[in-house]
Amino acid sequence: MAPSILVVEDDEAIASGLARVLDAQGYVVARVGRGRAALESAADPGLALVVLDLGLPDIDGIDVCRRLRAARPELRILILTARDEELDVVAGLDAGADDYLVKPFRLSELLARVRAHLRSVTAVEPEEHPPLRAGDVVVDRGARRAWRRDDELALRPKEFDLLALLVAHSGRVVTRERIMGEVWDTDWMGSTKTLDTHVLTLRQKLGPPEPITTLRGVGYRFDAP
Ligand code: CA
């Protein structure tokens, strides 16, 4: 599901132009011309970003911005303002806007800003890579950090990938072939000394009690302590 964008703009020509270019980029776009309708639409949990014109006919755009921010702390708000109203920019940012564009602006500039904001929304989206937990070990794949009890583990990249794979399949055997394929991106089994070395250092970093069980000739199993 593409991110959802709400365009709040009472100028029909600008609004339809914005909706058209955003739609062409594959975003799901909704469009309203009033502040009140914007506040109602913001209740939609799928909404990720609002392009908000500050000059609206019913409610002051700054006020709409403040209320959107209060209702949806994670929402991205990009305000549009006229060239001679630059004080509005300051007021809008104070009211919780993330970014602004001064009219007239290039559509390519708007698209670049939208893309950047939605990328950062995606980056912190908790559903994208929920932290893995097995016993007292936590692996955060989004941040590439791992902990045992409250101690953060200083892992090299392949050690991290190995731990994440084992923890994701906690209690089940992960074969050497699979590890080589997923962590080292190779199915070359001529020598897996590298794997053995990484398991050894990973065990040292995890410390006791030993959570990784070796199934000789087969693979490894992470047993949540
Ligand atoms: Ca307007």
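Atoms within each ligand, like the ligands themselves, are counted from 1 in listed order. Every heavy atom of this structure was used, including side-chain atoms; hydrogens, water molecules and symmetry mates were not. Note that this is a predicted model, so its numbers are computed, not measured. For this chain, numbers begin at 1 and follow the sequence in order.
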Peer 1: Same hydrophobic cluster for Leu107 and Leu22, using side-chain heavy-atom links shorter than 4.5 Å among ILVMFWY?
Peer 2: yes

Peer 1: Could you confirm whether Asp11 has any N/O/S atom lying under 3.0 Å from the Ca ion (ligand 1)?
Peer 2: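 Checking Asp11: none of its N, O or S atoms is under 3.0 Å.
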
Peer 1: Counting backbone and side chain alike, does Leu54 bring an N/O/S atom below 3.0 Å of the Ca ion (ligand 1)?
Peer 2: no

Peer 1: Please work out the angle at the Ca ion (ligand 1) defined by atom O of Gly55 on one side and atom OD1 of Asp10 on the other, rounded to 10°.
Peer 2: 80°

Peer 1: Is Asp161 paired with Arg156 through a side-chain N to carboxylate O contact shorter than 4.0 Å?
Peer 2: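 No.
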
Peer 1: Should Asp23 and Arg20 count as an ion pair when the cut-off is N to O under 4.0 Å?
Peer 2: no

Peer 1: Quick one: do the Asp98 and His117 side chains pair a donor with an acceptor below 3.5 Å?
Peer 2: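 The criterion, which ignores hydrogens and geometry beyond distance, is not satisfied for His117 and Asp98.
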
Peer 1: Looking only at N, O or S atoms, which one in Asp53 sits nearest to the Ca ion (ligand 1)?
Peer 2: OD2

